[in-house]
Amino acid sequence: MDNTWNEAYKQMWEDRYQTEEYAYGKEPNNFFASCLQKLKPGALLMPADGEGRNGVFAANWGWEVTSFDLSFAGKAKALELAASQNVKLNYLVGDAQALEFIPESFDAIGLIYAHFAGEKKSLFHQKLSQSLKPGGYILFEAFSKNHLSLVLQNPKVGGPKDISQLFSTEELTADFKGYKFLILEEAIIDLNEGKCHIGKGSVVRMLATKPFNP
């Protein structure tokens with residue numbers, strides 16, 4: 001993937017997050033929130049946290065949150081949202097492949113609509129897995145490969161139009177081999193998250209724990 005594509009992709013997110021309105025709203029993703037509330041708070045990593053709606057929610061529930069994204073505009077709005085609710089985020093800006101985290105340092109990782117280039121996403125999942133403590137949790141919701149027809153019919157629902165960036169349960173099973181899957185499903189849901197996730201979408205959801213003896 002060339003640098004021109006990378007820069008255009010980064011600029012797309014800067015442009016999306018530079019408006020006063022929160023692109024995906026200020027409320028957390030429903031699946032993420034319902035799962036997180038059942039877990040004991042600890043250290044949480046939030047890749048692709050954008051404007052911070054999910055990271056801020058987790059911080060309010062007592063989690064020590066490290067968020068990251070490509071967008072400086074997203075970071076600014078996330079920190080503003082955190083300040084308005086009197087919580088803190090450790091928010092990094094950078095490419096997922098360039099950021100380094102201490103192995104086995106997080107109790108949970110939230111991957112909520114964290115879509116990456118098709119040739120990178122499995123490698124990224126494996127890198128993330130190394131930073132998760134044994135017994136730690138992955139909380140995941142993102143668009144499935146069956147979502148492609150839905151976003152082409154209704155662009156307001158959001159999601160990549162490149163099928164390689166979309167997910168299947170089989171891919172997640174392979175990427176997180178050896179994990180215990182508490183939830184692993186594909187579902188059609190009605191999205192109402194800000195202005196960029198509106199309508200019927202096909203998603204993959206996962207709640208999984210890392211084995212103690214891989």
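Residue numbers run from 1 in the order of the sequence given. In what follows, every heavy atom counts, from backbone to side chain, and hydrogens, waters and symmetry copies are set aside.
Remark: side-chain polar atoms of D49 are not paired, donor with acceptor, to backbone N or O of S67 under 3.5 angstrom. Within the 3.5 Å criterion, the main-chain N or O of L99 finds a donor-acceptor partner in the side chain of K127. Proximity of a side-chain donor or acceptor of N146 to a complementary backbone N or O of S202 within less than 3.5 Å is not detected. Side-chain atoms of K210 never come within 3.5 Å of backbone atoms of G136 as a donor-acceptor pair (strictly under, hydrogens ignored). Checking side-chain atoms of H115 against main-chain N and O of Q165 turns up a donor-acceptor pair under 3.5 Å. Put simply, the side chain of S34 gets close to the backbone of N30: a donor and an acceptor are under 3.5 Å apart. Under a 3.5 Å cut-off, the side chain of N154 and the backbone N or O of G199 do not form any donor-acceptor pair. Between the side chain of E80 and the backbone N or O of A76 there is no donor-acceptor pair closer than 3.5 Å.
Cluster membership for F140 and L191, using ILVMFWY side-chain heavy atoms within less than 4.5 angstrom, is not shared. Connection of V203 to F31 is established within a shared hydrophobic cluster, with ILVMFWY side chains joined at heavy-atom distances below 4.5 Å, either directly or through further cluster members. Under the 4.5 Å side-chain heavy-atom criterion for Ile, Leu, Val, Met, Phe, Trp and Tyr, L152 and I189 are members of the same hydrophobic cluster. When hydrophobic clusters are built by joining Ile, Leu, Val, Met, Phe, Trp and Tyr residues whose side-chain heavy atoms come closer than 4.5 Å, directly or via intermediates, I109 is not grouped with W61. In the hydrophobic clustering of this structure, L89 groups with F57; members are Ile, Leu, Val, Met, Phe, Trp, Tyr whose side-chain heavy atoms approach within less than 4.5 Å, directly or through other members.
Taking the six-membered ring where the residue is Trp, the centroids of H147 and F167 are separated by 6.0 Å or more. For F68 and F101, the ring centers sit closer than 6.0 Å to each other. Aromatic pair F116/H125: ring centres not closer than 6.0 Å.
Considering only heavy atoms from C-beta on, W63 comes within 4.5 Å of L39 through its side chain. Between Y113 and H197, some side-chain heavy-atom pair lies under the 4.5 Å cut-off. N90 is not listed as a side-chain neighbour of V65, based on a closest heavy-atom distance of 4.5 Å or more. Residues P160 and F143 are in side-chain contact: their nearest non-hydrogen atoms beyond the backbone lie under 4.5 Å apart. No side-chain heavy atom of K75 sits less than 4.5 Å from a side-chain heavy atom of D69. At a threshold of 4.5 Å between non-hydrogen side-chain atoms, the residues M206 and L139 do not count as touching. Within the 4.5 Å cutoff, side-chain heavy atoms of P47 are placed close to those of F124. By the 4.5 Å heavy-atom criterion applied to side chains, Y137 and K180 are not counted as neighbours.
The two residues V87 and N60 come nearest to each other via the heavy atoms CG1-OD1, 3.4 Å. Of all the heavy atoms in I183 and C35, the pair that sits closest is CD1-SG, 4.4 Å. Taking both residues in full, the closest heavy atoms of S131 and L45 are given as OG-CD2, 4.1 Å, listed atom of the first, atom of the second, then distance. Taking all atoms of both residues into account, the shortest heavy-atom contact from G94 to L70 is O-CD2, 3.8 Å. Closest heavy-atom contact between I163 and K145: O-NZ, 3.1 Å. Scanning all heavy atoms of the two residues, the minimum distance from G55 to M46 falls at CA-CG, 4.2 Å.
The number of heavy atoms from other shown groups lying within 6.0 Å of NZ (K88) does not exceed 12. More than 12 heavy-atom neighbours from other residues, nucleotides or ligands sit within 6.0 angstrom of CZ on F181. More than 12 non-hydrogen atoms from other residues, nucleotides or ligands lie less than 6.0 angstrom from CD of E104.
L79 contributes atom CG, which lies 11.0 Å from atom OG of S84 (distance to the nearest 0.5 angstrom). Of the inter-residue distances, the one linking K156 atom NZ with K200 atom NZ reads 16.0 Å to the nearest 0.5 angstrom. Taken from CG in L111 to CZ in F176, the straight-line distance is 6.0 Å, to the nearest 0.5 Å. Residue S122 holds its OG atom at 3.5 Å from CG of D175, rounded to the nearest 0.5 Å. Rounding to the nearest 0.5 Å gives a distance of 10.5 Å between CZ of F212 and NZ of K133. Here CD of E27 is found 11.0 Å from CG of N192. Values are rounded to the nearest 0.5 Å.
Judged by the 6.0 Å distance and 45° axis criteria, K26 is positioned over the aromatic ring of Y22.
Under the salt bridge (Lys or Arg N to Asp or Glu O under 4.0 Å) rule, K77 has a single partner from E51, E20, E14, E21, which is E51. Residue F106 forms a side-chain contact (heavy atoms from CB on, under 4.5 Å) with just one option from T66, L128, L44, and that option is T66. Residue L207 forms a side-chain contact (heavy atoms from CB on, under 4.5 Å) with just one option from L36, L182, I138, and that option is L182.
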Evaluation steps, salt bridge (Lys or Arg N to Asp or Glu O under 4.0 Å), between E186 and R205: CA-CA 6 Å; E186 184 170 342; R205 289 170 162 172; over 6 Å; no

Step by step, would you call S144 with V204 a side chain to side chain contact (heavy atoms under 4.5 Å, CB included)? CA-CA 5 Å; S144 79; V204 176; 3.5 Å; yes

Could you go step by step and tell me if S129 and Y179 meet the side-chain hydrogen bond (donor to acceptor under 3.5 Å, both in side chains) rule? CA-CA 10 Å; S129 183; Y179 276 61; 2.7 Å; yes

Using the side chain to side chain contact (heavy atoms under 4.5 Å, CB included) rule, take Y17 and Y24 through it: C-alpha gap first, then chi angles, then the decisive distance, then the call. CA-CA 10 Å; Y17 294 150; Y24 301 97; 3.9 Å; yes

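Donor-acceptor pairing under 3.5 Å is recorded for the side chains of D162 and S164.
Note on E171 versus K121: salt bridge recorded, some NZ/NE/NH1/NH2 to OD/OE distance being below 4.0 Å.
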